[in-house]
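What follows is a single structure, written as C-alpha cells, with notes after it.
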Protein chains: 2
Amino acid sequence: MGMGRPRAFDADAALDRAMDVFWRHGYEGTTIAQLTEAMSINPPSLYAAFGSKEGLLKAALDRYSEKRDAWMEKVVGASTAREVAEGFLMEHADAQTDPANPPGCLLVQGGLACGTGSENVPFELAARRTRTEDQLRERFVRAKAERDLGENADPVTLARYLSAVTSGMCVMASSGADRNTLREIAAVSLKAFDEQAKA
Amino acid sequence: MGMGRPRAFDADAALDRAMDVFWRHGYEGTTIAQLTEAMSINPPSLYAAFGSKEGLLKAALDRYSEKRDAWMEKVVGASTAREVAEGFLMEHADAQTDPANPPGCLLVQGGLACGTGSENVPFELAARRTRTEDQLRERFVRAKAERDLGENADPVTLARYLSAVTSGMCVMASSGADRNTLREIAAVSLKAFDEQAKA
DNA sequence: AGAGATTTGTAGTGTTCGCTACAAATGTGG
DNA sequence: CCACATTTGTAGCGAACACTACAAATCTCT
C-alpha cells in the first residue's frame, strides 16, 4: 500500500506565519481566511494538518515554546541569580520590541479573556506563562542553595515578580512602548530584585 | 410636539452589566446576544442608546473611567510620593481580585490585540491606561518640586514603572492569581520604587 | 503499471455574527 | 383627545464565521 501524496508545504514555516497572525490579532481576532492566506494554504490543508483553529494555535504555541525554551536555557544558564534576572528582563525588553515580530508576547497578546467556546485559550496561554515562571523559580531555588541569594529571599516571590514585570512590559509594548522605555522599566525592576535578593 | 416614549431601562445600570461582560470575555469574545441578555434589553434599545457594539464599549469605558478617576484622586491625594506608590500598588492588588468584578482590569482584559475592523479598541484601552500613568506622573512631578523625590528621580520613569507593574498584575489576576500573590508583587515593586525615588 | 493512501483546490455547508425594518406601545405638548 | 416623537419587542437581514464534501492530483508500494 502506498503512503499517499506528500504535503506540499512546510509545516514549521506555516506555523511561523500562523504565529504571527495570532500574535498580531489575538486568537479571536484571527480568522481562518487570514491564516490560510498567511500560510499560503487552503482550509482543507489547515484542518488536515492541525485539526481546528484551536489546534493550530496549540501547534503554534508549541513551536513558540520551543524557541522560548532555548532562550530561557540561555538565560538561566547565567552564573548568578542577579545575572539571570538582568538577562531575563533585558532580553524580554528586546524581544518584545523586536521588529521581526509583532510587539509584546504571544502568550499575552494571544488572549487574556475569550468568548464562550474558547475559554480554553486563556488557560492554555496562562499555562505556558507559568512554565517560564517555574523555570525561573527553579533557578532561584538553586541559587539559594548556592548561597547566591539571601537567607530570606523567596524564590517563588522573586520568580513571580519578574514574571509580572515582563507581562506588564508586554502590555506596554502592545500599545507602542519602544525598546528604551521597556529597558528603563527593566532597569528599575532590577533594583527591586537586588533589594529582595539580598534579604 | 411630544417628547416621545421614555426609556424603560436605567442606562447606567445597563452599562455596569455590559462592563462586566466585556471585562469577562473581552471585546471580541463578547456577543450582542450576551450583552442584551445581561442588560435585559433588546438589540434595538442597545443600538438606539449606544450606536454600536464599539459605542457601547466606549460608554462602558467612560463609566469605568469615572469610577477610576475618583479612585485615582484618592490615591494621588496621599501626602508623600511613597504613599502614593504604595496606595496605587496595593489598591490595585485588591481591586483586581475584588470578587465583585471579574479578575484583572477592564483596560487590559478588554483586548490588547483585536481583529480587522476593531483595531480601534486596543487603542482606546491604551489611551485610558495612559491616562492613569499621566496622573501618576503629574503627582510625581509635584513630589519632586516638593523635594519629596530625589534629585535624579524621574517622574516619567517612576510612573511608567508602576503602570507596568499593575498591568502585569492584571495578567496574573486574569489567570487566577489571588490577592496575596498580587500584594506580594506590589510589595516587591515598592522596594524598587524606594530605591529609585531616593536617587 | 496499477492499487491504495493521502493532499490539494474548488466550492460550498450551516451557524452565528452585528445590526436593523417595522409596527405596536407609550410618553408629551397643544 | 389628538398629532408627534421616541422606545419597545418581534423577527429577520446580509455578511462573515469556522469548517467540510468531493473529486482531481500526487505520492509509495507491489
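Chain naming here is simple, since letters A, B, ... match the order of the sequence lines and numbering starts at 1 in each. What you are looking at is a predicted structure, and each value in this text was computed from that prediction instead of being measured.
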Does any non-hydrogen side-chain atom of [Y] lie less than 4.5 Å from one of [X]?
X	Y	value
B:Q135	B:E138	no
B:P103	B:M172	no
B:V21	B:E37	no
B:Q96	B:C170	yes
A:K191	B:K191	no
A:L125	A:V121	yes
B:R129	A:V171	yes

Separation of [X] atom [atom1] from [N] atom [atom2], in whole Å?
X	N	atom1	atom2	answer
A:N42	C:dG12	CG	P	15 Å
A:M39	C:dG9	CE	P	13 Å
A:L46	D:dT20	CG	P	11 Å
A:M3	D:dA25	CE	P	23 Å
A:L56	D:dC19	CG	C1'	13 Å

Salt bridge flag under 4.0 Å for residues B:R142 and B:D148: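 The answer is no: the pair does not qualify as a salt bridge.
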DNA chain D contacts among residues 110-118 of chain A, heavy-atom distance under 4.0 Å: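 Going residue by residue through residues 110-118 of chain A, none turns out to have a heavy atom under 4.0 Å of DNA chain D.
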Under 3.5 Å between N/O atoms: give me all the protein pairs with nucleotides 17-20 of chain C, atom names plus distance.
residue: C:dG18; atom: OP1; partner: B:T30; partner atom: O; Å: 3.0
residue: C:dG18; atom: OP1; partner: B:K53; partner atom: NZ; Å: 3.0
residue: C:dG18; atom: OP2; partner: B:I32; partner atom: N; Å: 2.8
residue: C:dC19; atom: OP2; partner: B:Y47; partner atom: OH; Å: 2.7
residue: C:dC19; atom: OP2; partner: B:K53; partner atom: N; Å: 2.9
residue: C:dC19; atom: O5'; partner: B:Y47; partner atom: OH; Å: 3.2

Geometric class of the A:F22/A:Y27 ring pair [parallel <30°, tilted 30-60°, perpendicular >60°]: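 Aromatic pair A:Y27/A:F22 classed parallel.
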B:F9 and B:F50 aromatic ring geometry - parallel, tilted or perpendicular at 30°/60° bounds: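 Correct class here is tilted.
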Anything under 3.5 Å between a protein N or O and an N or O of nucleotides 24-26 of chain C, put it in a table, one pair a line.
residue: C:dA25; atom: N3; partner: B:R5; partner atom: NH1; Å: 3.0
residue: C:dT26; atom: O4'; partner: B:R5; partner atom: NE; Å: 3.3

Aromatic contact, A:F193 with A:F88 (centres under 6.0 Å):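 They do not qualify: ring centres at least 6.0 Å apart.
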Sugar-phosphate only, base, or nothing, as touched by B:F9 at under 4.0 Å among non-hydrogen atoms: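 Here B:F9 touches the backbone only, sparing every base.
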C:dT8 OP1/OP2 closer than 4.0 Å to side-chain N/O of A:S45: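 True: A:S45 side-chain N/O within range (under 4.0 Å) of C:dT8 OP1/OP2.
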